[in-house]
**Student:** 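Submitted below is the structure of interest, expressed as structure tokens.
Per chain, numbering begins at 1; letters A, B, ... match sequence-line order.
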There are 2 protein chains.
Amino acid sequence: MQLDVNNIKTLDPKDHPDWEVAQDAESRMKTIYKLGDEMGLEERELLPYGHYMGKIDYRSVLKRLADKPNGKFVNVTAINPTPLGEGKSTTTIGLVQGLGRRGKKASAAIRQPSGGPTMGVKGSAAGGGRSQCIPLTPFSLGFTGDINAIMNAHNLAMTALTARMQHERNYSDEKLLKLSGMPRLDVDPTRISMGWVIDYCAQALRNIVIGMDGVNGAQDGYMMRSKFDIAVSSEVMAILAVSKDLKDLRERMGKIIMCYDKFGKPLTTKDFEVDGAMTAWLVDAVNPNLIQTLEGQPVIVHAGPFANIAIGQSSIIADQVGLKLSDYHVTESGFGADIGYEKFWNLKCHYSGLTPDASVVVATVRALKCHGGAPMPVPGKKLPEAYTTENVEWVEKGCANLLHHVNIVKKSGVSPVVCINAFVTDTPNEIRKIRELCEAAGARVAVSKHWEYGGEGALELADAVMDACNDKTTFTPLYDWSMPMRQRIEKVATEVYGADGVDYSFEAKARLESIENDTELSKLGLCMVKTHLSLSDDPTLKGVPKGWRLKVRDVLTFGGAGFVVPVAGSISLMPGTGSNPSFRRIDVDTDTGRVEGLF
Amino acid sequence: MQLDVNNIKTLDPKDHPDWEVAQDAESRMKTIYKLGDEMGLEERELLPYGHYMGKIDYRSVLKRLADKPNGKFVNVTAINPTPLGEGKSTTTIGLVQGLGRRGKKASAAIRQPSGGPTMGVKGSAAGGGRSQCIPLTPFSLGFTGDINAIMNAHNLAMTALTARMQHERNYSDEKLLKLSGMPRLDVDPTRISMGWVIDYCAQALRNIVIGMDGVNGAQDGYMMRSKFDIAVSSEVMAILAVSKDLKDLRERMGKIIMCYDKFGKPLTTKDFEVDGAMTAWLVDAVNPNLIQTLEGQPVIVHAGPFANIAIGQSSIIADQVGLKLSDYHVTESGFGADIGYEKFWNLKCHYSGLTPDASVVVATVRALKCHGGAPMPVPGKKLPEAYTTENVEWVEKGCANLLHHVNIVKKSGVSPVVCINAFVTDTPNEIRKIRELCEAAGARVAVSKHWEYGGEGALELADAVMDACNDKTTFTPLYDWSMPMRQRIEKVATEVYGADGVDYSFEAKARLESIENDTELSKLGLCMVKTHLSLSDDPTLKGVPKGWRLKVRDVLTFGGAGFVVPVAGSISLMPGTGSNPSFRRIDVDTDTGRVEGLF
């Protein structure tokens, strides 16, 4: 069967892998000029990158439409993901396509994928089946260069720091001042909080020693421990996500705490006089990117922080633009409602002043079975029988995880819409059970077949979302930012994650105490870092774990992004590459220039 | 005075810094669509990046114009640079503008600037005065992303290598095969030739230890020494420069030697199954970039290797495209004729099969005085009086360096055109002496005022170049590639640099012996790495040093780029950041988004 919307016929995903569906549609997609024109951009506001991608001059759009009221603001979140995936990006795109079938102007905001997962575990982060964004390949491989710009801005700061340490060691106060015009900053080499970044899962760079040949006044750096984190966890990435405009971004860029001096005073990017040049790397990146759904609607892509190790949101600027140009703007937050939606609720909305009209919680019958106790599936291996035959009991038990996420959304004062992302193996009894439990908990429920049928399959979801957007919301933050940091952490742990309490490592406790005692730092926000695979800090615990305490082992201070980052459990800001990484299957057809194997 | 060409009026550089001249002209520059149309690109062949930059679909152009004869091919090289700079990029752009005033269709090919020098020592690499390319800021800051793509492709290989080493240590043969489907590669951890790259001068990353916490079967990498080089010295960058098309690039990408196994066998990117994915990062980067001169002519920018630490050429693809579309295509090679032109002559032209019709050798009176023995000037300090008052003797002595470079060009069988890049302080007697000496050596000489007057000031140069292009050339390689590697090195050292001979370190000698004894490796080309500041390997020796021997201390094997890289003297593939770096002066006007201080 072929569907015809906006003159785009799409292949049947039951017969074709995602990348074939995408590449086939790409041969008929709209030019970026047409897409921009249809969504209401003026010609000069659309900056093309090739014929099918572009950037939006957000400054011009927001100025021109300052008086226009915003469209409805819809968030998409999910249950805790399982190895099967719950299809959150697919649902975000599917919902926009469904709203389009109902005659609404709709747009999506999603994050730019990181090279780490793309090359490590999966090829594409563009949705799936008949609910994808295109063009698929450039979106997945560097796109318009924003993550690279972030990486360059971030590593410029580290270049400044390490060169300065070398010069301060090599020169007397007088000579230093004469050569550089800068006073001695006196970095404490044992208290350097910032590391370098790279956009891969390079576990070998987690803990390194640099400046090996620069021990005694030489020109080869300053010998010390250092580290690389994945670029999407960079504070510069967080700053791009939370900045309201270039001015806001510029101010934040000077407040990144890089290290401490020998008297314990924090030294920032501004102290190293590198904040202006860092911002210069980002003058294009601050403009959000534009591509399209398979059915020809705008998908705004901007910023790419993960929700388990970072803030997990696409940018505020992307949402501001989408809300001005659409009747319904659908923004995705990373992973489950425990981490992605919680940070949307208490950080992103705090900074933007925007409030959602509804939030979709995505679940699949298969993932619920997994949370309910069915044998854990292994990606690439044959699915256990439990997942292909009816088992209402496992579904019912797994719904505890779903209901927990529904309740997180309700706690924020927003109407939840449960989206059952349908599979051919789902049975009516399984669906009925989910519907019964969620409706009893006060959520709307929609079964959505957008993977199989695109927007036509998402009409039930689109209707439920439009209906939910008419509810009166009472969006309220979980805590006031004047609350002491540990109380805030404990509130998130107990009321959002369901922990019994919080335990701190010796270092974490000391850092949090000094943050609480500091006039400035105590006013910062809170960005929890925790595994996405469980409500708890133990990735192996499914369902709704009981009788556990959150273990905070480290605390970072992101002065520019404006929040404190407690790191819970064993999660690392540099993921690892496994023994059978996906890059092995990626290649290029040199006759056509097409990239193969990104799936 | 304002000049009006192509409706572009430019500010007088005597009253305005370079960036003001550029930004003023940018307010009136052509759109990239108009520029592409004027140079003969079809609409679909021009891939815009914003409204003023673009990429060229080289494959379509070369296919469409396969039967069209090439234009004239002009190289621009120079004397050994001094701290004052000799203005090679400025001359390249000026010459194209001058040819334009003579009614010729002309294009330039230059290299993309690296973030290292841009953030460390200088802001722009776009020429100067009334001979610049625009838009200046995006050109200098990441441009269309090619260097970032190269960095990502390169570091993906290192991610693959280090992850593999960890997994091979952690797992038995059986488990490894089961998990990954790959046999054990058995990397010798003491023989890893490849490092990581970053596009800054980060001396602290020259010598590092990675995998610090991955000592005993853990998941934190494999502990070993490693290194970061600057991205523009990457073999992947060299591959982009020498590839004739995507197919050629794909093949080369699999031949990068990353390390050796425990039996001494080289292991390549193909062995690590990462070459396809590396190529995928480069499917856009393989298309050359397009911007314009201040007077509205095409400037093709592609690849960015330095000539002191790498091949130092813009890409073969850029030249192929320029030669099809222009009457005169002017390509710059890095630094002086000793390193940049030598590699153009014996490497780039070998791969491309193209031969130059003329070569410009750029010199300034000031730089000749410096080579002649005048006190060394210090950038940013007041110029010693020797440079602002007439001194024919120093100029005459300094001409020895110029004549050496003229003779290098003549040795290749090509007519040299000496371009005296004029300054207001030059006197008629000084100019007369240069003219007399160069003409006696068989070179054409032109005094060019393109910095001050743009194309109108470069008419003498344009005429001399057009005249030289009518000479019969006898372009012949310096050596046959079947010659043993050390003989070739010695030929370059003695006949090009003027050394008495070559001394090898113990390691360099051993590596060259094994290369000479290997059927495949002995067929590779030769890419010398040496300081650009002197004809010798000692950067402090000016003029034409006598009685010295070239010291080769290291040898790299670039199997993909297809050449052996002997490293002479103390030069490093990772430059350093000084005590007063230029990033301190770079900032952004947040009202306009304009970058300031890039000059």
**Student:** So which of B/Thr137, B/Thr159, B/Leu47, B/Asn207 has the biggest tally of heavy-atom pairs under 4.5 Å with chain A?
**Tutor:** B/Asn207
**Student:** If you compare all heavy atoms of B/Pro48 against all heavy atoms of A/His51, which two are closest, and at what distance to 0.1 Å?
**Tutor:** CD-CE1, 3.8 Å
**Student:** Is it the case that over 12 heavy atoms from other parts of the model lie below 6.0 angstrom from the NZ atom of A/Lys244?
**Tutor:** no
**Student:** Quick one: of A/Gln166, A/Met151, A/Gln203, who has the most non-hydrogen atom pairs under 4.5 Å with chain B?
**Tutor:** A/Gln203
**Student:** Specify the closest pair of heavy atoms between B/Met119 and A/Ala277, including all atoms of both residues, with the distance to one decimal.
**Tutor:** SD-CB, 3.9 Å
**Student:** Count the heavy-atom pairs under 4.5 Å between each of A/Met53, A/Met165, A/Met212 and chain B, then report the option with the highest count.
**Tutor:** A/Met212
**Student:** Against chain B, work out which of A/Gly578, A/Gly115, A/Gly54 has the most heavy-atom pairs shorter than 4.5 Å and name it.
**Tutor:** A/Gly578
**Student:** Side chain, backbone, both or neither: which part of A/Lys247 has a heavy atom under 4.5 Å from chain B?
**Tutor:** both
**Student:** Between B/Ile147, B/Leu249, B/Val209, which has the largest tally of heavy atom pairs under 4.5 Å with chain A?
**Tutor:** B/Val209
**Student:** Under a 4.5 Å cutoff for heavy-atom pairs, which residue among B/Tyr49, B/Phe228, B/Tyr171, B/Tyr222 has the most contacts with chain A?
**Tutor:** B/Tyr49
**Student:** Below 4.5 Å, heavy-atom pairs only: which of A/Lys55, A/Gln219, A/Arg59, A/Arg164 has the largest tally toward chain B?
**Tutor:** A/Arg59
**Student:** Whether the side chain of B/Tyr200 engages the backbone of A/Asn152 through a donor-acceptor N/O pair (distance < 3.5 Å, no angle test) should be reported.
**Tutor:** yes
**Student:** Checking heavy atoms, do the side chain of A/Ala153, its backbone, both or neither come under 4.5 Å from chain B?
**Tutor:** backbone
**Student:** Looking only at heavy atoms and a cut-off of under 4.5 Å, which of B/Ala202, B/Ala280, B/Ser226, B/Ser572 has the most pairs with chain A?
**Tutor:** B/Ala280
**Student:** Looking at B/Phe272 and A/Phe583, what are the two nearest heavy atoms and their distance?
**Tutor:** O-CE1, 3.8 Å
**Student:** B/Ile210 and A/Ala204: which non-hydrogen atoms are nearest, and at how many Å?
**Tutor:** CB-O, 3.3 Å
**Student:** What part of A/Asp199 gets closer than 4.5 Å to chain B, counting heavy atoms only: side chain, backbone, both or neither?
**Tutor:** neither
**Student:** Go through the atoms of B/Leu282 and report whether side chain, backbone, both or neither lie under 4.5 Å from a heavy atom of chain A.
**Tutor:** neither
**Student:** Taking every heavy-atom pair that is under 4.5 Å apart, which of B/Thr279, B/Leu179, B/Asp220 has the most such pairs with chain A?
**Tutor:** B/Asp220
**Student:** Is chain B contacted by the side chain of A/Phe143, its backbone, both, or neither, given a heavy-atom distance below 4.5 Å?
**Tutor:** neither
**Student:** Compare every heavy atom of A/Trp281 with every heavy atom of B/Leu141, then report the nearest pair and how far apart it is.
**Tutor:** C-CZ3, 3.6 Å
**Student:** Is it the side chain or the backbone of B/Arg206 that comes within 4.5 Å of chain A heavy atoms, both, or neither?
**Tutor:** side chain
**Student:** Side-chain donor-acceptor contacts of residues 590-599 of chain B below 3.5 Å, not counting sequence neighbours, with atom names and distances?
**Tutor:**
unit_1: B/Thr592; atom_1: OG1; unit_2: B/Arg594; atom_2: N; d: 3.1
unit_1: B/Arg594; atom_1: NH1; unit_2: B/Gln23; atom_2: OE1; d: 3.2

**Student:** Please answer whether the main-chain N or O of A/Thr577 pairs with a side-chain N or O of B/His167 as donor and acceptor at a distance below 3.5 Å.
**Tutor:** yes
**Student:** Kindly say whether B/Asp587 contributes a backbone atom to a donor-acceptor pair with the side chain of A/Arg250 at under 3.5 angstrom?
**Tutor:** no
**Student:** Identify the heavy atoms of A/Ser579 and B/Ser180 that sit nearest to each other, and give their distance.
**Tutor:** O-CB, 2.9 Å
**Student:** For the NZ atom on B/Lys270, are there more than 12 heavy atoms of other groups (residues, nucleotides or ligands in this structure) within a distance under 6.0 Å?
**Tutor:** no
**Student:** Could you grab the distance from atom CH2 of A/Trp196 to atom CD1 of B/Ile198, nearest 0.5 Å is fine?
**Tutor:** 5.0 Å
**Student:** Is it true that B/Arg225 and A/Asp213 have a side-chain N and a carboxylate O under 4.0 angstrom from each other?
**Tutor:** yes
**Student:** Counting heavy-atom pairs closer than 4.5 Å to chain B, which one of A/Ile208, A/Asp589, A/Asn580 comes out on top?
**Tutor:** A/Ile208
**Student:** Less than 4.5 Å to any heavy atom of chain B: does that hold for the side chain of A/Glu43, its backbone, both, or neither?
**Tutor:** backbone
**Student:** For chain B, find which of A/Asp57, A/Leu176, A/Leu156, A/Asn155 contributes the most heavy-atom pairs closer than 4.5 angstrom.
**Tutor:** A/Leu156
**Student:** Shorter than 4.5 Å, heavy atoms on both sides: which option in B/Met223, B/Met182, B/Arg585, B/Arg44 has the most such pairs with chain A?
**Tutor:** B/Met182
**Student:** Using non-hydrogen atoms and a 4.5 Å limit, figure out which bit of B/Val283 sits close to chain A: side chain, backbone, both or neither.
**Tutor:** side chain
